[in-house]
Every structure is written in structure tokens, then in C-alpha cells.
> 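Just dropping this structure here.
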Amino acid sequence: MKEDGVRVDRKQLETFCASVFKNLGSGDLEAISSAQVLVAADARGIGSHGVGRLWRYVAGMQKGVMKANVVPTILRETPISLLLNANGAIGMYLSKSSMELTIKKAQAIGASFCSVRNSNHFGIAGYYAEMAAQNDMIGISMTNTAALGVPTFGKEALFGTNPIAVSIPASDNRMFTLDMSTTCVTRGKIEVYNREGKVLPNGWAVDANGTATTDAFTLLEDMLFQRGGGILPLGGLGELNGGHKGFGLGVLVDILTAVTSGGDFGKHVKDSEATSARVCHFFGAIKIDAFRNSQDFKRDMGFLLDDINNSIPAPNSNRVYYAGQKEHENELLSMLKGVYISKKVYEQLKKIGEDLQIELGF
């Protein structure tokens, strides 16, 4: 398929994004970490959560919704758990450091969990889950978001896209990484369709009247101003295809992230026209050797992944993939050819650079 965009060296793209965060007040570590998480999304082919969202961070930091160099407040701590008030910190750096603390606790006691309130958008959930998997642990990461999802039998957005990510290590440096929204798609995906002037597939969303819509622009406007309508839960409309299951998972994320942390949940989480809402996160790390020898476990995980890859594909399909495999293969391609960004995202970055007087560099 012909690419309607450009490929950029990953380090150059990270350097530009880090320069933007530094320009807005972030220290070196916060700026670099935030840039790495953003660019990792594009490198894996998840453009909905990559540098195309940099403008939201610029707007958030300029308006003070997202705050640079903030030290989170520890509200409660036990050997196995941690509760933090992020105090409006940059979501990506805050989440990376929170998962590092969670992993450290798990290394000492076997498992650990961290709940965070009053944070901001944190990029791709899988990034943090994989931090634990890289340390021979089962990693868990999730976040609530602004209310964009319409519940089964409803027409009013009542919960977020609320992604869940679980990452598990396997042999040969492979990882099973399930990273999914609990709605059919994320808002970022809707934004991509709107940016590219594409019609939404039928079955992704409903309008303010509760009927199916393919109009990305109007849907985004209706969700932003809480006019009604929104994205359908994973499974789609009603119960026939399991939409109630996606709805249940979305509410579960709100419980684990927001109710455990004392933060905002459901319809109380709202974006503004300029920037994103304050949100809540949840992180977990469980040592493999709490159950069995980690090398034996990863060997068997490798067999499981091999069985998936070796299964017979359906007609008109070439392969069967395990969760995360496409993203990891895209990341390898990005190392060789550069990170792909669309022309419109490239123009957005160029505009940000011009406004902040930062050289694009690519």
C-alpha cells in the first residue's frame, strides 16, 4: 500500500518532541521520557496515540492543565500498593515513573499495584505494561478517559474509551501484549479519520439521537460538548454481538483507576475544547516466579505463541497474529525505514515548531 506521508528517523522525532516539552517547561528527563512514549506509538503503527496528539500537550501545558516538573503526592503506601495524586503532572512521565516504582515493589514482594488520580493522558497503555514484562513480570496498565463511550441500551456517553493493557514475556524476547480500548475504537482513531477526511465504518458510533453515524467531525463535536452520542462499547450495538461485555469492561477500568484512587469517573470526566481532562491510571506488576520458574514459563509462552502463528489462516488472510505482534513488527520496520507520520501530522508538527521557534530537524 502506498504511504501518503513521510518516514522520519526515530531519534530525530524524539528530539523534536522533547524540545517542545522543554520549551514548555519540562526538565530533561520528563521531556525525553514523554517524547519516547509518544513516538513509540507511531513506531508501532498506532498513529492515534502518537505525535499527532502533540498539540494537545502543547495546549494543556500552556493552559496549566498539564503541569511540568510536578512531584506527585503519596497518599497511601503499603509494601504491595501505592496511591498517588499526580497533581496534574504530564501523564507519560508520571506513568513511566509510577510503573518503575510498581516494578521495584514487585521485585521485593512478588506483586505490586499502583493507583493514580488527577493525571493526564498517558499515551499507549501497552508501553507501561511492557516495562514489567521486560523484567520477567506480568504487566498491567489501564486508564480512564473523558466520557466518550455509550453504554448498552443508552445514547449518552457515560464512560471513557478506558483502555486495558496486559503484557506477558515469552521466549526469544517476544511479548504477548494485549492493548485495547473497551470501546470499538478510541477517540484518537476517530480523530485520524476526521483528519484524513474519511467516513467512519458503520457500527463504530451513534449520534446524539442514538442512531448509527459515520460522520467523524460531528461525532467529535458532539462528544466534546456533551451533546449526546458517542463511541459504542467493544462488541457494538446492543447485546447480540457482546456490546454489554465491552461496556462492563469499560466500567471495570473506571473502578480500578478512579474509584480506587478517589478520582473522577464516568460522565464526570470531561475534555475541554483546548485540552484533555484530568484522568486516573492503574498499574500492576506480578513476578512470574511467584508461580513457576520464569524460564520455563517463557518457554511455554513461546510454544503458545508459536501455536497461534502456525495456525491455518482463513481464506483471504495471510497470517494469524498474537496480540502485540503487528506492533512489534512495525517497530522493527520503523527502525529500518523511519517512523511513519501522515502528511497532515507532519504539517501539525511543523506549525508547532514555528509557533515555539523550534527547528523541526527533518
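All values below were derived from every heavy atom in this structure, side-chain atoms included, with hydrogens, water molecules and symmetry-related copies excluded.
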> By the rule that ILVMFWY residues connect when side-chain heavy atoms come within less than 4.5 angstrom, directly or transitively, which residues belong alongside Tyr93?
Leu29
> Which residues pass the side chain to side chain contact (heavy atoms under 4.5 Å, CB included) test with Asp289, sequence neighbours left out?
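So Asp289 forms a side chain to side chain contact (heavy atoms under 4.5 Å, CB included) with Lys287.
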> Compute whether any side-chain donor of one residue and acceptor of the other, for His121 and Arg53, lie under 3.5 angstrom apart.
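Checked: His121/Arg53 side chains pair up, N/O donor to acceptor below 3.5 Å.
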> Below 3.5 Å, can you tabulate the donor-acceptor pairs from side chains in residues 235-251 to any protein atom, sequence neighbours excluded?
none

> Please tell me if the side chains of Leu38 and Tyr57 come closer than 4.5 Å, counting only heavy atoms from C-beta onward.
yes
> For Phe265, which residues count as a ring-ring contact (aromatic ring centres under 6.0 Å, His included) partner, sequence neighbours excluded?
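Partners of Phe265 by the ring-ring contact (aromatic ring centres under 6.0 Å, His included) criterion, ordered by chain and then number, come out as His268.
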> Could you tell me which residues satisfy side chain to side chain contact (heavy atoms under 4.5 Å, CB included) with Lys337, sequence neighbours excluded, listed by chain and number?
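So Lys337 forms a side chain to side chain contact (heavy atoms under 4.5 Å, CB included) with Arg7, Leu333.
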> I'd like to check the side-chain hydrogen bond (donor to acceptor under 3.5 Å, both in side chains) partners of Tyr127; sequence neighbours left out, ordered by chain and number.
Lys96
> Thr214: which residues meet the side-chain hydrogen bond (donor to acceptor under 3.5 Å, both in side chains) condition with it, sequence neighbours left out?
none
> Holding to side chain to side chain contact (heavy atoms under 4.5 Å, CB included), I want the full list of residues that pass it with Arg299, two or more places apart in sequence or in another chain.
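Side chain to side chain contact (heavy atoms under 4.5 Å, CB included) list for Arg299, sorted by chain: Arg292, Asp296, Phe303.
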> With sequence neighbours excluded, what pairs up with Asn309 under the side-chain hydrogen bond (donor to acceptor under 3.5 Å, both in side chains) test?
Gln325
> List the atom pairs, donor and acceptor, that lie under 3.5 Å between side-chain atoms in residues 102-109 and the rest of the protein, sequence neighbours left out.
{"unit_1": "Thr102", "atom_1": "OG1", "unit_2": "Ser98", "atom_2": "O", "d": "2.8"}
{"unit_1": "Lys105", "atom_1": "NZ", "unit_2": "Glu77", "atom_2": "OE2", "d": "3.0"}
{"unit_1": "Lys105", "atom_1": "NZ", "unit_2": "Thr78", "atom_2": "O", "d": "2.7"}

> Which pairs would a plain distance check flag for residues 187-206, meaning a side-chain donor or acceptor within less than 3.5 Å of a matching protein atom at least two apart in sequence or in another chain?
{"unit_1": "Arg187", "atom_1": "NH1", "unit_2": "Asp271", "atom_2": "OD2", "d": "2.3"}
{"unit_1": "Arg187", "atom_1": "NH2", "unit_2": "Asp271", "atom_2": "OD2", "d": "2.5"}
{"unit_1": "Glu196", "atom_1": "OE2", "unit_2": "Ser342", "atom_2": "OG", "d": "3.4"}

> Could you list the residues that satisfy side chain to side chain contact (heavy atoms under 4.5 Å, CB included) with Phe291, not counting sequence neighbours?
Ile286
